[in-house]
Amino acid sequence: MLSMECDPYPRHFFERSPDVVAFDLIGSHLVVRRGSHTTYALIVETEAYGGSDDPASHSFRGPTPRSEVMFGPAGVLYVYRSYGIHWCVNVVTGMVGLAGAVLLRGAEIVDRSEELAGPESDAVVLRGPGNLSRGLGITDADNHLDCCQSSQGRIAFCGGLQDVARDRIGRTPRLGISKGVERVSRYFLIGHRAVSGSRIQNVTSA
DNA sequence: ACCACGATGCACT
DNA sequence: GTGCATCGTGGTT
């Protein structure tokens with residue numbers, strides 16, 4: 001069992017462009033606390049949305065009841081329903097007024113203080129945004145949750161045990177979208193089993 | 001009020 | 001590779 005102490009990333013970590021944050025989150029940890037249980041997940045795949053002029057972003061047409069959180073302070077969770085089934089977990093980036101977010105698409109649970117529910121591989125490898133939210137128990141109840149409050153916050157981001165070398169991070173266009181397909185804003189740890197998409201997409205170097 | 005469709009994932013062929 | 005479950009959102013009527 002790992003002993004993982006870490007300070008949550010401060011708000012200014014997220015007050016940058018979504019692409020920079022998406023890149024820097026690869027190899028970082030997501031910490032989810034519920035009661036006495038704490039789960040640590042290594043982030044291995046992200047996508048950047050928003051900034052200026054991104055037709056694939058929910059912020060593209062200005063704030064709506066769903067997307068207004070993307071226009072607010074950075075470091076806050078944006079959770080929305082996808083295909084009527086899955087939850088997608090984002091963290092808001094950028095400065096107030098310039099909407100942006102990073103979608104969490106892949107992670108591996110590296111430490112948790114509770115019993116595994118099912119076959120270990122199923123519960124540990126969180127491949128795809130729907131599996132990631134389900135495996136960590138994140139739902140719309142966590143929408144608007146501030147991840148920069150304090151080390152006692154329910155969900156926080158913190159640094160990895162060691163830095164990931166830049167040449168181990170791949171970069172491709174984003175998956176599953178029909179607009180803004182040319183933008184290269186998907187980042188992932190090359191070869192990691194929790195990275196979604198085809199094998200080719202999983203070995204393309206940055 | 002209506003309706004097309006989506007930042008998906010899984011079962012099945 | 002194809003089909004489909006399942007529903008909130010937002011653009012349109």
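Each chain gets a letter, A, B and so on, in the order the sequences are listed, and its residues count up from 1.
- Picking from dA5(C), dA7(B), dG9(B) the nucleotide with the shortest atom distance to the side chain of His86(A) gives dG9(B).
- Within 4.0 Å (heavy atoms only), Arg66(A) reaches sugar-phosphate atoms of the nucleic acid but no base atom.
- In this structure, of dT9(C), dC10(B), dG8(C), it is dG8(C) that holds the atom nearest to the side chain of Arg81(A).
- Phosphate contact (OP1/OP2 of dT9(C), side-chain N/O of His58(A), threshold under 4.0 Å): absent.
- Side-chain atoms of Tyr78(A) lie closest to dA7(B) of the nucleotides dA7(B), dT8(B), dA5(C).
- Between Phe157(A) and Phe13(A), the distance from one ring center to the other does not fall under 6.0 angstrom.
- Side-chain N/O atoms of Arg105(A) include none lying less than 4.0 angstrom from OP1 or OP2 on dA7(B).
- Residue Arg61(A) has a polar side-chain atom (N or O) positioned under 4.0 Å from OP1 or OP2 of dG11(C).
- Of all nucleotides listed (dC10(B), dA5(C), dG8(C)), dA5(C) comes nearest to the side chain of Ile85(A).
- For Tyr83(A) against dA5(C), a side-chain-to-base donor-acceptor contact under 3.5 Å is absent.
- Between Arg16(A) and Asp24(A), at least one side-chain nitrogen of the basic residue sits less than 4.0 Å from a carboxylate oxygen of the acidic one, meeting the salt-bridge criterion.
- Residue Leu103(A) is classed as a base contact, given a heavy-atom separation below 4.0 Å to a base.
- The pairing partner recorded for dC3(B) is dG10(C), the criterion being a Watson-Crick or G-U wobble arrangement whose two distances lie under 3.5 angstrom.
- Taking the centre and axis of the six-membered ring of Tyr49(A), the NZ or CZ atom of Arg174(A) falls inside the cone set by 45° and 6.0 Å.
- Among the atoms of the strands shown, only primed sugar atoms or phosphate atoms (P, OP1, OP2) are found under 4.0 Å from some heavy atom of Asn131(A).
- Put simply, the side chain of Asn131(A) never gets that close to the backbone of Gly128(A): no donor and acceptor are under 3.5 Å apart.
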